[in-house]
Peer 1: 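Below are the structure tokens for one structure; questions will follow.
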Amino acid sequence: MSHPFSFECQTCCPHTKARAGVFHTPHGIVETPRFMPVGTLANVKTVTPAQLAETGAQMVLANTYHLHLQPGEGIVQKAGGLHKFMNWQGPILTDSGGFQVFSLSELREINDEGVTFRSPRDGHFIHLTPEKSIEIQNALGADVIMAFDECAPYPASRDVVETALHRTTRWLERCIKAHQRPNQALFGIVQGGVYLDLRQLSARSLIEFDLPGYAIGGVSVGEPPELIQKIVETITPLLPLNKPRYLMGVGTYREMVQAIGAGMDLFDCVIPTRLARHANALVGGERWNLRNQKFREDFTPLDATCPCYTCQSFTRAYLSHLLRSRELLGYTLVSIHNITELVRFTQRIRAAIQTGTFVEQFGHWLN
RNA sequence: GCGAGCGUAGCCAAGUGGUUAAGGCAGUGGUUUGUGGUACCACCAUCCCGCGGGUUCGAGUCCCGUCGUUCGCC
């Protein structure tokens with residue numbers, strides 16, 4: 001109330017570190033644990049904001065890197081900011097572009113100053129620094145902005161990871177200095193690869209800055225899922241109780257349950273929308289390829305227990321037909337369902353935590 | 001009726017004498033984790049190239065016949 005970014009933990013699980021909380025932002029609350037859909041412009045590519053709101057999504061992700069290239073933060077600013085430009089009235093989080101440097105570009109040069117790499121779009125050189133990333137994110141105007149970090153690949157040697165994490169910490173200082181807008185919360189990002197002592201070092205350095213929220217980054221870059229869990233279990237206890245904790249890029253049902261059990265609050269992942277565009281639906285904890293033969297004459301709803309528009313209106317056979325025909329509507333309908341599915345999954349976990357039945361209901365995912 | 005061409009997997013189609021017959025679509029599975037905008041990977045003609053003969057050490061590939069088909073001429 002006093003601070004636009006307060007976080008309150010409402011219920012703690014008696015058996016695990018899981019917690020149900022509320023994160024306040026200038027554009028509304030985020031009830032955690034929560035899955036946040038992610039997309040280039042947070043429109044998730046094939047879903048309208050109205051459809052997105054219906055999925056139960058509260059906060060959505062937009063992308064600094066892509067918006068910088070197209071249309072450019074200047075235009076977003078002239079439009080009145082990201083919320084107006086894309087017509088999403090709820091909370092928005094922008095990623096810093098650090099991960100895109102790692103994930104999209106082969107030709108890159110990283111030094112203490114920043115990163116230089118070729119745009120995969122047209123080949124021209126792009127220079128990103130902590131200051132530049134924050135300047136762009138200030139212009140975009142999301143509720144939460146992310147520190148510009150260096151995400152080391154997996155596998156990577158200890159030396160490489162250690163260098164990246166120290167650089168990330170030094171960059172965080174510069175991000176904080178560059179940050180001009182108090183109505184945007186700057187989150188720090190824990191790095192350190194799969195080296196737990198480096199992770200701890202990173203987390204301890206970050207919390208010195210007393211930021212409004214913390215993220216664990218550099219996971220789900222190819223390492224085995226057990227290692228993600230190990231990292232989360234080691235780091236979460238070091239993060240302040242009264243700040244939201246965001247596990248970047250995760251993910252799957254199991255990874256979310258395990259991370260929530262360890263005390264994480266927020267998740268984002270391309271899985272629901274990318275899977276949808278590849279004809280896969282998330283149903284009851286499983287992944288189904290709707291183009292498979294067995295769905296051609298299946299005239300039942302995708303998930304009879306799902307309240308989403310897709311499940312309420314169409315059959316598996318019809319979705320299979322749309323996807324086999326590469327009809328654009330197929331991607332939209334399955335995206336709506338998949339996002340709804342993961343958002344509802346985290347909502348059910350939240351409810352279970354509140355009623356003290358988290359372990360009872362979701363314990364089978366915990367190991 | 002005459003002349004010319006063509007007949008290769010469900011569809012389109014390369015190959016014109018020499019081991020296991022390109023490729024595409026369709027089909028059947030799989031992959032996808034802080035999104036390079038519908039991608040990628042695997043499998044998919046084991047007596048088989050319309051059918052029947054022939055030439056040749058060897059024929060989808062050459063020759064003859066036949067059936068089908070396309071175009072042109074009458």
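Only heavy atoms go into these numbers, but all of them, side chains included; no hydrogens, no water, no symmetry mates. Bear in mind the structure is a predicted one, so any value in this text is a computation, not a measurement.
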Peer 1: Return the nearest nucleotide to the side chain of A/K45; candidates are B/G37, B/U33, B/G34.
Peer 2: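 Output: B/G37.
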Peer 1: Would you say the side-chain atoms of A/S133 pair up with the backbone N or O of A/T129, donor to acceptor, closer than 3.5 Å?
Peer 2: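 Flag not set: sc A/S133 to bb A/T129 has no pair under 3.5 Å.
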Peer 1: Tell me if the centroids of the rings in A/Y318 and A/F299 come within less than 6.0 Å of each other.
Peer 2: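 They do not qualify: ring centres at least 6.0 Å apart.
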Peer 1: Checking all strands, does A/G330 fall into the base, sugar-phosphate, or nothing category for heavy-atom contacts under 4.0 angstrom?
Peer 2: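 Nothing: the residue A/G330, judged by heavy atoms under 4.0 Å, touches no strand.
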Peer 1: From the options B/U33, B/U38, B/G34, select the nucleotide whose nearest atom is closest to the side chain of A/D149.
Peer 2: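 Selected nucleotide (nearest to the side chain): B/G34.
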Peer 1: Please list all pairs meeting side-chain hydrogen bond (donor to acceptor under 3.5 Å, both in side chains) that have one or both residues in residues 199-214 of chain A, counting only residues at least two apart or in different chains.
Peer 2: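 Checked against side-chain hydrogen bond (donor to acceptor under 3.5 Å, both in side chains) - neighbours excluded - the pairs reaching residues 199-214 of chain A are A/D210-A/K243.
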Peer 1: Check this for me, if you would: do A/D197 and A/R158 make a salt bridge, where the nitrogen-to-carboxylate-oxygen distance has to be below 4.0 angstrom?
Peer 2: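 Result for this pair is yes, salt bridge flagged.
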Peer 1: Roughly how many Å apart are B/A21 and B/C63, using the P atom of each and rounding to a whole number?
Peer 2: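 These two P atoms come out 24 Å apart once rounded.
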Peer 1: Closer than 3.5 angstrom, by distance alone: can the side chain of A/S335 be matched with the main-chain N or O of A/A276 as a donor-acceptor pair?
Peer 2: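 Pair absent, no side-chain N/O of A/S335 close to backbone of A/A276.
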Peer 1: Among residues at least two apart in sequence or on other chains, which ones pass salt bridge (Lys or Arg N to Asp or Glu O under 4.0 Å) with A/D265?
Peer 2: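 A/D265: salt bridge (Lys or Arg N to Asp or Glu O under 4.0 Å) contacts with A/R19.
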Peer 1: Tell me which residues in residues 219-253 of chain A lie within less than 4.0 Å of RNA chain B, going by non-hydrogen atoms.
Peer 2: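 Close to the strand are A/S220, A/M248, A/G249, A/V250, A/G251, A/T252.
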Peer 1: In whole Å, what separates the C1' atom of B/C62 from that of B/U56?
Peer 2: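 Approximately 9 Å lies between the C1' atom of B/C62 and that of B/U56.
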Peer 1: Which whole number of Å gives the distance between the P atom of B/G10 and that of B/A45?
Peer 2: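 Their P atoms lie roughly 12 Å apart.
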Peer 1: Evaluate salt bridge (charged side-chain N to carboxylate O under 4.0 Å, His left out) for A/E113 paired with A/K132, printing each intermediate quantity in order.
Peer 2: CA-CA 11 Å; A/E113 172 58 21; A/K132 184 71 185 168; over 6 Å; no
Peer 1: Any donor-acceptor pair under 3.5 Å linking the side-chain atoms of A/W288 with those of A/E286?
Peer 2: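 Note: A/E286 and A/W288 side chains meet the donor-acceptor criterion.
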Peer 1: Which is true for A/S103 with a 4.0 Å heavy-atom rule: it touches a base, it touches only sugar-phosphate, or it touches nothing?
Peer 2: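 Sugar-phosphate contact only.
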Peer 1: In whole angstrom, give me the gap between the P atoms of B/U28 and B/U66.
Peer 2: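 The same atom, P, in both gives a distance of 43 Å.
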Peer 1: Heavy atoms, side chains only, cut-off 4.5 Å: are A/V250 and A/C269 in contact?
Peer 2: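 Not touching, per the 4.5 Å side-chain cut-off.
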Peer 1: On a whole-Å scale, what distance lies between the P atoms belonging to B/G53 and B/U69?
Peer 2: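 Their P atoms lie roughly 23 Å apart.
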Peer 1: Given that A/L328 and A/E150 both sit by RNA chain B, which one's nearest nucleotide is further toward the 5' end?
Peer 2: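 Here A/E150 is the residue nearer the 5' end.
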Peer 1: In whole Å, what is the span from the CE atom of A/M146 to the P atom of B/G34?
Peer 2: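 Those two atoms, CE and P, are 13 Å apart.
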Peer 1: How many Å lie between CG on A/N338 and P on B/U35, as a whole number?
Peer 2: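 Going from CG in A/N338 over to P in B/U35 covers 18 Å.
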Peer 1: Please test A/V144 against A/T94 for side-chain contact (heavy atoms from CB on, under 4.5 Å), starting from the C-alpha separation and ending with a verdict.
Peer 2: CA-CA 6 Å; A/V144 174; A/T94 45; over 6 Å; no
Peer 1: Looking only at atom C1', what distance separates B/C67 and B/U46, rounded to whole Å?
Peer 2: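 Result for the C1' pair: 29 Å, nearest Å.
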Peer 1: Could you write out RNA chain B as dot-bracket? Rules: Watson-Crick or G-U wobble, both distances under 3.5 Å, brackets [ ] for crossings, | for pairs with another strand, dot for unpaired.
Peer 2: ((((((((.[[[..)..(....]]].(((((.......)))))......[[[[[..)....]]]]]))))))).
Peer 1: Provide the distance between the two C1' atoms, one in B/A13 and one in B/A26, to the nearest whole Å.
Peer 2: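 The same atom, C1', in both gives a distance of 14 Å.
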Peer 1: For the pair made of CZ in A/F102 and C1' in B/U35, what is the distance, rounded to whole Å?
Peer 2: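 Spelled out: CZ on A/F102 to C1' on B/U35 is 13 Å.
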Peer 1: Nearest whole angstrom, please: distance from the C1' of B/U33 to the CG of A/D268.
Peer 2: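 The answer, rounded to whole Å, is 9 Å.
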Peer 1: Between atom CD1 in A/I189 and atom P in B/G34, what is the gap in whole Å?
Peer 2: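 Between P of B/G34 and CD1 of A/I189: 13 Å.
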Peer 1: Using the P atoms only, state how far B/G24 lies from B/C41, rounded to an integer number of Å.
Peer 2: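 10 Å, rounded to whole Å.
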Peer 1: Can you build the contact string for nucleotides 27-32 of chain B? Use B for base contact, S for sugar-phosphate-only contact, and - for no protein heavy atom under 4.0 Å.
Peer 2: SSSSSB
Peer 1: Determine, stepwise, if the pair A/H179 / A/Q184 fulfils side-chain contact (heavy atoms from CB on, under 4.5 Å).
Peer 2: CA-CA 9 Å; A/H179 186 25; A/Q184 293 181 287; 3.8 Å; yes
Peer 1: Can you tell me the distance, in whole Å, between the CD atom of A/Q100 and the P atom of B/U33?
Peer 2: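 For the pair A/Q100 CD and B/U33 P, the rounded distance is 13 Å.
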Peer 1: What is the distance, rounded to the nearest whole Å, between atom CZ of A/F99 and atom C1' of B/U33?
Peer 2: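 Taking CZ of A/F99 and C1' of B/U33, I get 8 Å after rounding.
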Peer 1: Would A/F99 and A/Y65 count as a ring-ring contact (aromatic ring centres under 6.0 Å, His included) here? Give the steps.
Peer 2: CA-CA 9 Å; A/F99 185 78; A/Y65 168 83; over 10 Å; no
Peer 1: What is the nucleic acid contact for A/D95, judged by heavy atoms within less than 4.0 Å: base, sugar-phosphate only, or nothing?
Peer 2: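 Result for A/D95 = base.
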Peer 1: Among pairs that include at least one residue of residues 249-270 of chain A, which meet ring pair (Phe, Tyr, Trp, His ring centres under 6.0 Å), considering only residues two or more places apart or in two chains?
Peer 2: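 Pairs touching residues 249-270 of chain A that pass the test: A/Y253-A/F345, A/Y253-A/W365.
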Peer 1: Contact class for A/Q191 (heavy atom, under 4.0 Å): base, sugar-phosphate, or nothing?
Peer 2: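 Result for A/Q191 = base.
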Peer 1: How would you label the contact of A/L323 with the nucleic acid (heavy atoms, under 4.0 Å): base, sugar-phosphate, or nothing?
Peer 2: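 Contact class for A/L323: none.
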Peer 1: Please give, in whole Å, the distance from B/U33 P to A/L282 CG?
Peer 2: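 Going from A/L282 (CG) to B/U33 (P), I get 13 Å.
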